[in-house]
Amino acid sequence: DVKVTQSSRYLVKRTGEKVFLECVQDMDHENMFWYRQDPGLGLRLIYFSYDVKMKEKGDIPEGYSVSREKKERFSLILESASTNQTSMYLCASSSAGGPGEQFFGPGTRLTVL
Amino acid sequence: AQSVTQLDSQVPVFEEAPVELRCNYSSSVSVYLFWYVQYPNQGLQLLLKYLSGSTLVKGINGFEAEFNKSQTSFHLRKPSVHISDTAEYFCAVSDHDSSYKLIFGSGTRLLVRP
């Protein structure tokens with residue numbers, strides 16, 4: 001059974017803290033994605049990686065960075081968390097060259113106080 | 001740029017009634033179309049997809065969707081809903097040229113009442 005896992009389901013951090021969200025997939029997928037989900041806004045792409053050490057900015061990259069040192073792992077980093085980054089964060093993966101079907105993790109609900 | 005519109009933010013319906021969730025996309029170029037479902041406190045799960053061929057697509061849990069190119073729509077339907085169908089439903093589209101990237105609608109919350 002295909003699986004995308006995220007390191008935490010719920011996370012509470014303080015303003016200014018550095019936050020790491022981890023995502024691991026076991027499908028040998030080339031592509032990995034980080035989204036944030038907010039009510040009424042759907043899913044918005046933060047960053048995308050199409051290979052190890054390769055990344056592209058999505059629609060809302062400000063305040064975030066990413067790291068992909070291994071094919072199966074994609075990390076989202078909030079360098080200095082702010083209250084407006086309180087959200088649900090979803091990781092997804094997909095195979096290269098396909099029609100875009102993505103497989104999602106369960107999400108991390110981050111609260112920044 | 002491609003965009004997806006889900007006009008209904010919430011759709012209440014009684015159990016065993018039919019339902020249609022609407023989705024329209026902006027571009028008339030060749031596209032792939034998807035419907036995802038998100039149950040409470042879970043990630044997104046693929047319901048069905050249109051890649052090519054027949055415009056009527058059948059998915060899991062009795063859902064189906066019809067691709068209408070002239071109206072740039074991909075509405076989701078189910079003839080008889082269950083309480084367990086209560087969830088949020090997202091329509092998504094990708095262009096053939098950049099098929100890795102999905103553009104999502106804002107979601108429709110389906111609320112099934114007994």
Side-chain angles (χ1 to χ4, degrees), chain A residues 1-10 21 23-25 27 29-51 54-61 74 88-110, chain B residues 1-10 21-27 29-53 57 59-60 67 74 87-109:
Chain A
D1 197 18
V2 297
K3 203 168 249 190
V4 178
T5 57
Q6 295 183 228
S7 51
S8 304
R9 293 301 305 275
Y10 299 94
L21 303 183
C23 175
V24 176
Q25 51 96 3
M27 295 165 281
H29 282 164
E30 292 78 11
N31 301 330
M32 294 188 75
F33 307 82
W34 275 107
Y35 295 91
R36 66 176 282 176
Q37 180 183 7
D38 300 289
L41 297 178
L43 276 71
R44 293 179 291 167
L45 181 64
I46 304 172
Y47 266 98
F48 156 63
S49 169
Y50 53 92
D51 201 350
M54 307 304 288
K55 62 186 179 185
E56 282 189 14
K57 292 180 180 179
D59 301 317
I60 52 164
F74 192 34
M88 170 71 89
Y89 290 88
L90 293 167
C91 175
S93 70
S94 70
S95 60
E101 178 182 349
Q102 295 180 14
F103 296 85
F104 284 82
T108 296
R109 186 166 295 281
L110 172 67
Chain B
Q2 186 70 260
S3 66
V4 178
T5 302
Q6 293 181 247
L7 281 173
D8 304 307
S9 60
Q10 184 164 302
L21 305 184
R22 297 179 293 168
C23 172
N24 288 88
Y25 60 96
S26 61
S27 175
V29 299
S30 296
V31 294
Y32 301 117
L33 294 156
F34 305 83
W35 274 100
Y36 283 85
V37 60
Q38 185 180 35
Y39 298 106
N41 299 314
Q42 294 187 27
L44 274 68
Q45 175 184 352
L46 183 69
L47 263 182
L48 50 79
K49 59 188 175 185
Y50 171 79
L51 305 181
S52 64
V57 180
I60 62 171
F67 169 53
F74 190 55
E88 187 142 25
Y89 293 79
F90 292 95
C91 181
V93 61
S94 66
D95 292 334
H96 284 200
D97 291 340
S98 55
S99 60
Y100 67 90
K101 187 175 180 182
L102 287 180
I103 307 298
F104 286 88
S106 55
T108 297
R109 184 169 299 279

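Residue numbering restarts at 1 for every chain, and letters A, B, ... go by the order of the sequence lines. Since we're looking at a predicted model, the values are computed, not measured.
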Participant: Under a 4.5 Å heavy-atom cut-off, does chain A meet the side chain of B/Leu44, its backbone, both or neither?
Facilitator: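 Both parts, backbone and side chain.
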Participant: Examine whether an atom of B/Gln38 lies under 4.5 Å from a heavy atom of chain A, and if so say whether it belongs to the side chain, the backbone or both; otherwise answer neither.
Facilitator: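 Contact with chain A is through the side chain of B/Gln38 alone.
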Participant: With a 4.5 Å cut-off on heavy-atom pairs, point out which of A/Gly105, A/Gly40, A/Pro39, A/Gly42 contacts chain B the most.
Facilitator: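 Highest number of pairs under 4.5 Å: A/Gly42.
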Participant: Pick one of side chain, backbone, both or neither for A/Tyr50, based on which atoms fall under 4.5 Å of a heavy atom in chain B.
Facilitator: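 Contact with chain B: none, neither part.
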Participant: Check each atom of A/Asp38 against the heavy atoms of chain B and say whether the ones under 4.5 Å are side chain, backbone, both or neither.
Facilitator: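 No part of it gets close to chain B.
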Participant: Before giving the answer on side chain to side chain contact (heavy atoms under 4.5 Å, CB included), spell out for B/Arg22 and B/Asp8 the whole-Å C-alpha distance, their side-chain angles and the decisive distance to 0.1 Å.
Facilitator: CA-CA 7 Å; B/Arg22 297 179 293 168; B/Asp8 304 307; 3.0 Å; yes
Participant: Quick one: what part of A/Tyr89 sits under 4.5 Å from any heavy atom of chain B, side chain, backbone, both or neither?
Facilitator: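 The answer is neither part of A/Tyr89.
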Participant: Within the 4.5 Å heavy-atom criterion, are B/Cys23 and B/Val4 side-chain neighbours or not?
Facilitator: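 Yes - at least one pair of side-chain heavy atoms lies under 4.5 Å apart.
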Participant: Just by distance, no angles: are the side chains of B/Asn24 and B/Thr5 close enough, under 3.5 Å, to form a donor-acceptor pair?
Facilitator: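 No, B/Thr5 and B/Asn24 have no side-chain donor paired with an acceptor closer than 3.5 Å.
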Participant: Measure A/Gln37 against the heavy atoms of chain B and call it side chain, backbone, both or neither at under 4.5 Å.
Facilitator: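 Interface part for A/Gln37: side chain.
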Participant: At a 4.5 Å cut-off on heavy atoms, which part of A/Glu56 comes close to chain B: side chain, backbone, both, or neither?
Facilitator: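 Contact with chain B involves the side chain of A/Glu56 alone.
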Participant: Please classify the contact of A/Arg44 with chain B as side chain, backbone, both or neither, using a heavy-atom distance under 4.5 Å.
Facilitator: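 The answer is neither part of A/Arg44.
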Participant: Tell me every residue that passes ring pair (Phe, Tyr, Trp, His ring centres under 6.0 Å) with A/Tyr35, counting only those two or more places apart in sequence or in another chain.
Facilitator: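 Residues passing ring pair (Phe, Tyr, Trp, His ring centres under 6.0 Å) with A/Tyr35: A/Phe104, B/Phe104.
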Participant: Ring pair (Phe, Tyr, Trp, His ring centres under 6.0 Å) with B/Tyr89: which residues, sequence neighbours excluded?
Facilitator: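 Ring pair (Phe, Tyr, Trp, His ring centres under 6.0 Å) list for B/Tyr89, sorted by chain: B/Phe63.
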Participant: Which heavy atom in B/Gln45 sits nearest to a heavy atom in B/Tyr39, and how many Å separate them?
Facilitator: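 Answer, listing the atom of B/Gln45 first, then B/Tyr39: OE1-CE1, 3.7 Å.
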Participant: So what's closer than 4.5 Å to chain B heavy atoms on A/Leu90: side chain, backbone, both or neither?
Facilitator: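 Looking at A/Leu90, just its side chain touches chain B.
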Participant: Please state whether the rings of B/Phe74 and B/Phe67 are parallel, tilted or perpendicular, taking 30° and 60° as the class boundaries.
Facilitator: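 Ring orientation, 0 to 90° scale: perpendicular.
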